[in-house]
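Remarks on the structure that follows.
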2 protein chains.
Amino acid sequence: MLTKEALKNIFPDWEDGLYEAILKEAELKEAKAGTTMLKMGQNIKSAMLVVEGTVKLYQEDEDGGEYFMYHLNPGEACAVTLVCNYHHEQSQVLAKAVTDIQYLAIPIEFMEKWLNEFKSWHYFVIRTYRSRYEELLKTIHETAFKNMDERLEFYIKRHVKQFGKTINLTHQEIANDLNTSREVVSRLLKKMEHNGWIIMNRNAFEWMK
Amino acid sequence: MLTKEALKNIFPDWEDGLYEAILKEAELKEAKAGTTMLKMGQNIKSAMLVVEGTVKLYQEDEDGGEYFMYHLNPGEACAVTLVCNYHHEQSQVLAKAVTDIQYLAIPIEFMEKWLNEFKSWHYFVIRTYRSRYEELLKTIHETAFKNMDERLEFYIKRHVKQFGKTINLTHQEIANDLNTSREVVSRLLKKMEHNGWIIMNRNAFEWMK
DNA sequence: TGTATTGAGTGATATTTATCACAATGGCGT
DNA sequence: ACGCCATTGTGATAAATATCACTCAATACA
């Protein structure tokens, strides 16, 4: 069970009553690494606040394609689930657990209520939207202006920042995240290896740059 | 000069005190069609709320490229300018006046203050971020998954929704917005003409689909 | 220990988009 | 009416990316 102290560490700057409301109303849930936590088109029933682990957020295509947008870390929340005034609001994003996850699920009926009740919740929602908006801007910048080699580099750097210099991803997984093909990723990584930017192993490689 | 009644029409759902604060503190400014209202990297000194006209928001590249993201209409605000707690916050977007514009410029020192003071302002900021976030999701979707022909179609449809079936843009302007070349746009438009989707004139064309 | 499976390497080719070069057209000002 | 200039049309070619068809290597596991 989560204590108030633990909550304070993960979500600082909240007011007292908010911690108590969370402890009372939110359900602490778990998700295994690799699980899909939220699908596109799915009805949103609760807000999702990450307590432990890393979540990846995607834009999903009609025919199965996925496009990686950004990570969610402990203390962060899935923006789209935070403001669902109307019933049957559908998710525009796909969320997947990268690691084993602990998260707080708060039924959406509290969202409107808490916006009124807790100033610190209000700020939290705004901060969340602002930072997610900025992440999207970066994603658009890469996608709109850069070729695949630069996009791959950006992708790897983001991964390194999250998880360190050892990248445990197959070329296929990277290709999926970038919505390109495995062959393209393989060839570009080979080029990076020639340049001395990475050292490749099976199922993983090291970022040296 | 703006009256409180006029403000109420453009920005409904605000509380009384907020209208008065706006009338007191905001400056009603104008911008000519074609003007750049906010550049990337520029220090943000005031929030921008559109009163009259249409603004286009872009992501800007280091070497001059522009990528169109979405429109701002009367009653809408530039999200990035709404939450600038810290001084010297720099714009991540480029804003251009499409038509002649009237807008409210509110010095950023009021942003923090009004978040505390006016609940309806708080809601306005959240609504703004939410809707802009959703626009960005659409933009990413098109950019990441679609080829140029579909992206062009999406672009035209958005334009039609804004301004009607007559599109008064040169091929070059469209190409700039999509970060492609004029030749590509010309050829794709020609294809659409063959398909009977558009009727082309000089400097303009009609959307028939 | 052999065998199946998954991940990676790579050539050949197709498709999409970008770039270059130049011609044709139409509108606008003088 | 003429000429200029912005706009559009279009072929040729290059570059980037996607797709197909394999091979080869590693490791999982029976």
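Chain letters run A, B, ... following the sequence lines, proteins first, then strands; residues in each count from 1.
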Using atom [atom1] of [X] as one end and atom [atom2] of [N] as the other, report the distance to the nearest whole Å.
| X | N | atom1 | atom2 | result |
| --- | --- | --- | --- | --- |
| Glu183(B) | dA23(C) | CD | P | 15 Å |
| Met148(B) | dT17(D) | CE | P | 12 Å |
| Lys191(B) | dT16(C) | NZ | P | 8 Å |
| Asn147(B) | dA14(C) | CG | P | 18 Å |
| Glu173(B) | dT8(D) | CD | C1' | 14 Å |
| Ile199(A) | dA8(C) | CD1 | C1' | 18 Å |
| Ile174(A) | dG7(C) | CD1 | P | 12 Å |
| Gln172(B) | dA18(C) | CD | P | 13 Å |

Problem set entry | Verdict with supporting geometry, Glu5(B) and Asn9(B), side chain to side chain donor-acceptor pair (under 3.5 Å) | CA-CA 7 Å; Glu5(B) 283 313 307; Asn9(B) 279 324; 5.9 Å; no
Can you tell me if [X] touches the phosphate of [N], counting only side-chain N or O atoms and a distance under 4.0 Å to OP1 or OP2?
| X | N | value |
| --- | --- | --- |
| His171(A) | dG9(C) | yes |
| Lys190(B) | dG9(D) | yes |
| Thr180(B) | dA18(C) | yes |

For this session: Ignoring hydrogens and angles, answer whether the base of dT17(D) and the side-chain atoms of Arg182(A) contain a donor-acceptor pair closer than 3.5 Å.
Result: no
Problem set entry | Distance under 6.0 Å and angle within 45° of ring axis: Lys96(B) vs Tyr58(B) | yes
For this session: Just do the side chain to side chain donor-acceptor pair (under 3.5 Å) check on Asp177(B) and Tyr155(B) with the steps written out, would you?
Result: CA-CA 9 Å; Asp177(B) 282 3; Tyr155(B) 175 87; 2.5 Å; yes
Problem set entry | 5' precedence on DNA chain C between Asn203(A) and Arg187(A) (nearest-nucleotide basis) | Asn203(A)
For this session: Have a look at Ser181(A) and say if it touches a base, only the backbone sugar-phosphate, or nothing, with a 4.0 Å heavy-atom cut-off.
Result: base
Exercise. Is a side-chain donor-acceptor pair under 3.5 Å present for His171(A) with Ser186(A)?
Worked result: yes
Exercise. Mapping Arg202(A) and Leu169(B) to their closest nucleotides on DNA chain D, which lands nearer the 5' end?
Worked result: Leu169(B)
For this session: Take His141(B) and Phe154(B) through the ring pair (Phe, Tyr, Trp, His ring centres under 6.0 Å) test and state the conclusion after the steps.
Result: CA-CA 11 Å; His141(B) 193 270; Phe154(B) 180 75; 8.7 Å; no
